[in-house]
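FYI, the numbering just counts along the sequence from 1. Note that ligands are numbered from 1 as they come in the structure, with each ligand's atoms numbered from 1 the same way.
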Amino acid sequence: MNRMYLIALAAVVALAGAAVWAFNTVLEFEKPAVTVKDDLSTIGQGKAIALTVTDRKSGIRSVSVSIAQEGRETELFTRAYPKGTEEEALSVEVNPRARGLKDGPAAITVTAEDHSWLRNRGAVSIETVIDTVPPQIALISTAHNVNTGGTGVAVYRVSEDVTTTGLKMGDRFFRGYPISIQGKPCHIAYFAVPTTAGKGDLKILITAKDRAGNESTALLPHLVREKKFKADKITISRAFIDGMAPAFRRQDPRVPTTPLEAFLFINEKLRDENFMTIREACSKTQPKPLWEGTFLRMRNAAPMAGFGEERTYWFEGMAVSRSTHLGVDLASTEHAPIEAANHGTVVFAGPLGIYGNAVIVDHGLGLCSLYAHLSEIGVKPGQAVTRGETLGASGSTGLASGDHLHFSILVGGEFVNPTEWWDAHWIRDNVTGKLTEPSSQPPPPAAKAQPAKAKPKPKKKGSRVRS
Ligand SMILES: [Zn+2]
């Protein structure tokens, strides 16, 4: 072939390559994409504008956000970017009051330019309404006298539609659910009082956030009655660990092969992981109460261990582990029927680590009951159950020695003392009684008394672990 021809061809190829590069970088025609994620129909004090800008070709050169009201434009954000920024996620605070904006209509504009020689510009404009009036919170329930380890109930009203509401207690949040009391919209929230709460050291805030992001808080007045919980020393023998560890190891190959390490893994790491599974199941709660009356206690069953017991585990003369017993252990005959404590929906049924074969029933508004160590399960997730309906049979699966039921109640994903929920008077004074306006109606008659408790069985000697 002609040499000149080859040179010309190479030049054409090089030019074409340069053109392709140019059209993808410095001389591209594609404008940056601007995406605003939030609903910005209203903007309040707490609202930030979450947005992303992308430009996969020449890259982002600049982003600016502004708000216009009554012909006046206020810049909220502007930033220039060096070459090579393909994507940027931003959260831009509006803070209407500090910027002198008024409550009322406004328009937000987000503009982005790229590094192309053509300076392609992408823009999004959104009509909004500035609303800086926070929701008002009016507490309806009174006499929040709670026990350590127990349940509290708050009923309150908020002055407008809210996106998030509930009770804040340190880093815990207990969701408030909308209910109607005598035709008026209200919110109800159950909260769990930690077993370790002392008098006066619990701060509970009712919070409500509206669509515009305005948030209000109000202190929930309450009185904590300190309950004493038993301390229990549990001796773990090598034989006990050798007996139970293989079943755990079959389900979970992470269980160590040395006895003490196996026990610590099961009693601590697996316990924590199981709690996360329980919380996840309880989060599938229905936004309405499904239960009525008192919660059933296992029939003819002797109490083997109570709620809140502080357990220290001893192995070969040394204290090796601790846990708090966050349920009640009840024992009857072997493979005794296990009944749903109240109406609800099964949200978990299956193996659950230290809890063995377990069933979790949702009773609505974040209230759940847990049945552990079962030998058999007769229900499936999603199944509706009625109070007293058989869920399975008692057993000793999981971290248990001897056939018994470990029964727990949870509110908002936290364990609470089940005995309160077995008590008709407590339910009337603390739950159902709060579902009426103050001094409007007499309390309903107490529910039927519970069947008599059987005599406690003598405790077995030797290794004894219940969970
Ligand atoms: Zn237990």
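Looking at D329 and H406, their side chains do bring a donor and an acceptor atom within 3.5 Å of each other. In the model, T85 has no side-chain atom that pairs as donor or acceptor with a side-chain atom of E88 under 3.5 Å.
Not one N/O/S atom of H404, from backbone or side chain, sits under 2.8 Å from the Zn ion (ligand 1).
As for H406, its N/O/S atom nearest the Zn ion (ligand 1) is the one called ND1. The name of the N, O or S atom in D329 nearest to the Zn ion (ligand 1) is OD1.
Counting only residues at least two apart or on different chains, no side-chain hydrogen bond (donor to acceptor under 3.5 Å, both in side chains) pair has a member in residues 239-251.
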Below 3.5 Å, can you tabulate the donor-acceptor pairs from side chains in residues 281-290 to any protein atom, sequence neighbours excluded?
unit_1 : atom_1 : unit_2 : atom_2 : d
S283   : OG     : E280   : O      : 2.6
T285   : OG1    : D362   : OD1    : 2.7
T285   : OG1    : L365   : N      : 3.3
T285   : OG1    : G366   : N      : 2.8
Q286   : NE2    : T345   : OG1    : 3.0

